[in-house]
Amino acid sequence: MAIQRMDNVGIVVEDLDAAIAFFEELGMELEGRTEIQGTFADQCTGLDGVHCDIAMLRTPDGHGRIELSKYRNPALITGPRDQPHNVLGTHRIMFAVDDIEDTVARLRPHGAELLGEIARYEDLYLLCYLRGPDGIIVALAEQLR
């Protein structure tokens with residue numbers, strides 16, 4: 001049996017409201033927020049005493065989703081938020097956008113910082129990587145017509 005679909009990408013954040021605002025500015029839609037705790041949460045995560053707030057956001061086409069989690073318990077484990085793109089186990093989330101320069105400009109007030117610059121890949125795409133809330137690397141791609 002094959003997988004049915006990719007349901008979502010989960011990201012742990014320190015400031016849930018700021019992360020929601022960032023992804024909403026990007027164009028994602030908040031599906032809802034809830035609080036998670038109990039035996040099932042402990043069992044599936046392998047952690048004890050899980051208590052967290054989550055928010056689910058979806059892309060406008062309804063096919064992509066991000067689950068943002070802010071842990072109340074156990075305590076959040078912090079690490080460097082400025083890791084480069086080539087660190088094992090970390091990568092990025094990529095979004096297709098209509099206007100890359102406008103998108104970057106709208107995300108800057110939400111803390112977005114370009115890792116390099118907006119680059120042209122042949123005559124096909126404009127691409128960039130930026131760092132969002134809590135060090136999340138977000139890639140943007142604008143297809144050139």
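Just so it is clear, the values below take in all heavy atoms, side chains as well, and ignore hydrogens, waters and symmetry mates.
If you look at H51 and Y71, their ring centroids are not closer than 6.0 Å.
One finds no salt bridge joining D61 and R58 here, because no Lys/Arg side-chain nitrogen approaches an Asp/Glu carboxylate oxygen to under 4.0 Å. Between R131 and E113 there is no salt bridge, since none of the side-chain N atoms of the basic residue sits less than 4.0 Å from a carboxylate O of the acidic one.
Rounding to the nearest 0.5 Å gives a distance of 7.5 Å between CG of L124 and CD of Q143. Rounded to the nearest 0.5 angstrom, D98 CG and I100 CD1 are separated by 11.5 Å. With rounding to the nearest 0.5 Å, the separation of CD1 in I66 from CZ in F23 is 4.0 Å. How far CG of L126 is from CD of E142: 5.0 Å, rounded to the nearest 0.5 Å. For the atom pair CZ of R106 and CD of E101, the computed distance is 13.0 Å after rounding to the nearest 0.5 Å. A distance of 10.5 Å separates NZ in K70 from CZ in R33, rounded to the nearest 0.5 Å.
Taken together through direct or relayed side-chain contacts under 4.5 Å among Ile, Leu, Val, Met, Phe, Trp and Tyr, V9 and V97 form part of one hydrophobic cluster. Linking ILVMFWY side-chain heavy atoms closer than 4.5 Å, directly or via other members, places M28 and L30 in a single hydrophobic cluster.
Not a single donor-acceptor pair under 3.5 Å links the side chain of D42 to the backbone N or O of D48. A distance-only check finds no donor-acceptor pair linking the side chain of R72 to the backbone of D53 [under 3.5 Å]. Judged purely by atom type and a 3.5 angstrom limit, E31 has no side-chain atom pairing as donor or acceptor with the backbone of M56.
Using a 4.5 Å cut-off on side-chain heavy atoms (C-beta onward), I11 and I136 make contact. You'll find the side chain of V13 stays beyond 4.5 Å of the side chain of P133, heavy atoms only. For the pair I118 and L127, the minimum side-chain heavy-atom distance is 4.5 Å or more. Residues L68 and V12 have side chains not in contact (no heavy-atom distance under 4.5 Å, counting atoms from C-beta outward). Using a 4.5 Å cut-off on side-chain heavy atoms (C-beta onward), I137 and L130 make no contact. Using a 4.5 Å heavy-atom cutoff, the side chains of F95 and V138 are in contact. Between V50 and N73, the closest side-chain pair of non-hydrogen atoms is not below 4.5 Å.
Listed by first and then second residue, the salt bridge (Lys or Arg N to Asp or Glu O under 4.0 Å) pairs involving residues 80-92 are E14-R81, R81-D134 (not counting sequence neighbours).
For E35, the CD atom sits in a packed shell: over 12 heavy atoms of surrounding residues, nucleotides or ligands are nearer than 6.0 Å. Around the CG atom of L144, the shell of radius 6.0 Å holds more than 12 heavy atoms that belong to other residues, nucleotides or ligands.
Under the 30°/60° scheme for interplanar angles, the aromatic rings of F22 and H110 are found to stand perpendicular.
The nearest pair of heavy atoms linking R65 to D7 is CB-O, 3.5 Å.
Under a 4.5 Å side-chain heavy-atom cut-off, the cluster of Ile, Leu, Val, Met, Phe, Trp and Tyr residues that includes I36 is completed by F40, I54.
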